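Order of listing sets the numbers, starting from 1, for every ligand and every atom in it. The model shown is predicted, which means the values in this text are computed figures rather than measured ones.
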Amino acid sequence: MSRAIVPGPTYAEMRNPMLLPAAFRQRVIAARADETNPLNLFNINWKNTGEEVEKIVLPKELTGVQANIVVLSGRNFPSGSMKVGPAYATLAEHEALEGLRPGDRIVIGPSTGNFGIGTAYVSMLKGYKAIVVMPDNMSKERYERIRKYKGELDLTPGTESDVILTLERTHSEYVSKPDKYVTLAQFELLPNYRFHRHVTGKAALDAVKGIGNGRIAAFASAPGSAGTLAAGDAIKAVYPEAKIVALEPRECSTLYNGGQGQHRIEGIGDKMVTLIHNVFNTDLLMLIHDEDTVRGMEVIQSGTHVLVDRLGVPSDVACQLYGKFGPSCICNIIGAIKTAKYLGLGPEDNVVTIATDSYDRYPSVSEALYERNGGKPTDDQLEMWAKSVFLGATLGEIIDLNTGGHHERLQQMKLDLWTKFGYSPDFIQRMADQEFWDAEYEKIKEIDPLIAEARGSLP
Ligand SMILES: Cc1ncc(COP(=O)(O)O)c(C=O)c1O
């Protein structure tokens, strides 16, 4: 039986939570103490408890580049990762535009983890049953969180590189039965694009205020669904000269050269051009070695003293980094360093990147590293890793997508994949034009009043 909507924010309120009445926002912030409190839906924003975007400016002793590398920190979103944002936006659009109500249908979240965690979490708060479709070989912390948020699991074989199997299962088992299931299809539905262009894009623009020249020279992000990359479209709307940089695991270099291998960077490198990836607006593509991301994570996690004593990172700054990054965050950081080197950026320039989640879901990845390494790394090893992973990031394996027909090649890959899932060639062709993306983005103006109307007055 249908029940009333559990209220949540509009896109505008996620972009700027200060739009919420002050007394209500105080209640919302207090609700953080109990993550099962549905008021936490209003904590889906980059600003945590204040007005400032949560960010970390990396020390130059670690990056080795003059440019400022600014990392937006997604770990303070409810459920511990900013992927809860697109999950919420997609469900909220279903409620506002299609009349979905709690109890009507089961919510499906195809994912490799964080989107699934976000789906389970949002569904729990909003009163829906959720099933997360994901590979069976991801970090165990992910499954624990999904179960904690009362999500069920429908596991497909493999790892991050086998997401295509989850996509196939999602379509055959769930999308095909729309009367029973509502699928938050992150790889293909545009709320994911809208959330990141509107909310993450603005956070990136705000985060660099007062740093360097206050502008953004480049935005680097490793696509899973490629939702986060949409923040680049917001950045380019303000700074048209900015570069959008996509990063891929070297071991699964699908966009780079059709590579299809297994890799260790959970959350990214999903062996496909996703439908919502605005490929014609992506400027550079870089490969990152997966083991470097795990080693880099370990340096931050076990090597605070090494960073201080051997690299000269100020100790308060080194301590601030502790606990903040998982492998995909380190991938983004390495990509940002490569970007700064490749573009020859100086001390006034800013490169923005993203920490989608944090270390809390990767202790098991550290354990696996210790096994491969024959034990915990020594200080000498940690120093060597820090110097090779971060300071030693090289300029190899970079493609300028604006040349050589690469955009067209990626568009063709998109066409080949997504027509198999029922999208028309004509629809996909329209995605080659920026107008398509701008029109999708502009829909927020119509959607927001509908979200506000459907939720009624604030609780
Ligand atoms: C840990 C992690 N990093 C990066 C990403 C990639 O973000 P996006 O799907 O927005 O491209 C994801 C996506 O799930 C993720 O879980």
Trainee: Taking the six-membered ring of Phe436 (Phe, Tyr or Trp), confirm whether the NZ or CZ of Arg430 is under 6.0 Å from its centre and within 45° of its axis.
Mentor: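 So Arg430 doesn't make the cation-pi contact.
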Trainee: So between Ala231, Ser225, Ala222, whose heavy atom ends up nearest atom 9 (O) of ligand 1?
Mentor: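 Among Ala231, Ser225, Ala222, the closest heavy atom to atom 9 (O) of ligand 1 comes from Ser225.
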Trainee: Can you tell me which portion of Tyr362 lies within the under-4.0 Å heavy-atom range of ligand 1? Options are side chain, backbone, both, or neither.
Mentor: side chain
Trainee: Only heavy atoms of Pro223, strictly under 4.0 Å: list the atoms of ligand 1 that pass.
Mentor: 11 (O)
Trainee: From the options Ile268, Leu287, Thr293, select the one residue that forms a side chain to side chain contact (heavy atoms under 4.5 Å, CB included) with Pro249.
Mentor: Ile268
Trainee: For Ala226, is the nearest heavy atom under 4.0 Å from an atom of ligand 1?
Mentor: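 A heavy atom of Ala226 does come that close to ligand 1.
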Trainee: Which residue supplies the protein heavy atom nearest to atom 14 (O) of ligand 1, what is that atom called, and how far is it?
Mentor: Lys83 CE, 3.2 Å
Trainee: Going by heavy-atom distance to atom 2 (C) of ligand 1, choose the closest among Gly113, Cys331, Ser328.
Mentor: Ser328
Trainee: Tell me the salt bridge (Lys or Arg N to Asp or Glu O under 4.0 Å) pairs involving residues 107-126, sequence neighbours left out?
Mentor: Glu95-Lys126
Trainee: Heavy-atom contacts with Asn114 under 4.0 Å: which atoms of ligand 1 show up? List them by number with element.
Mentor: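 Near Asn114, meaning under 4.0 Å from one of its heavy atoms, ligand 1 has 1 (C), 2 (C), 15 (C), 16 (O).
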Trainee: Starting from atom 10 (O) of ligand 1, what is the nearest protein heavy atom, named by residue and atom, and what distance separates them?
Mentor: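 The closest one turns out to be Thr228 OG1, 2.5 Å.
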Trainee: Do Glu241 and Arg215 sit within salt-bridge range, that is, some charged N less than 4.0 Å from a carboxylate O?
Mentor: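 Yes, charged N to carboxylate O under 4.0 Å.
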Trainee: Could you check whether Glu93 pairs with Arg194 (Lys NZ or Arg NE/NH1/NH2 to Asp/Glu carboxylate O, under 4.0 Å)?
Mentor: yes
Trainee: Less than 3.5 Å between some nitrogen or oxygen of Asn192 and one of ligand 1, yes or no?
Mentor: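 There is no such contact.
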Trainee: State the atoms of ligand 1, each with its element, that fall below the 4.0 Å cut-off from a heavy-atom position in Glu266.
Mentor: 1 (C), 2 (C)
Trainee: Have a look at Gly267, Gly224, Gly269 and point out the one with the heavy atom closest to atom 13 (C) of ligand 1.
Mentor: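 The option holding the nearest heavy atom is Gly267.
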Trainee: Which is it for Phe390 and Trp385 under the ring pair (Phe, Tyr, Trp, His ring centres under 6.0 Å) test, yes or no, and what are the steps along the way?
Mentor: CA-CA 8 Å; Phe390 299 108; Trp385 289 352; over 10 Å; no
Trainee: Taking N or O atoms only and a 3.5 Å limit, does Thr112 qualify as a polar contact for ligand 1?
Mentor: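 Between Thr112 and ligand 1, no N or O pair is found under 3.5 Å apart.
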Trainee: Salt-bridged, Glu251 to Arg264, with N to O below 4.0 Å?
Mentor: no
Trainee: Look only at the side chain of Lys414 and the backbone of Leu275, and say whether a donor-acceptor pair between them is shorter than 3.5 Å.
Mentor: yes
Trainee: Quick one: do Asp438 and Lys443 make a salt bridge, cutoff under 4.0 Å?
Mentor: no
Trainee: Which bit of Asp357 is near ligand 1, meaning a heavy atom under 4.0 Å away: side chain, backbone, both or neither?
Mentor: side chain
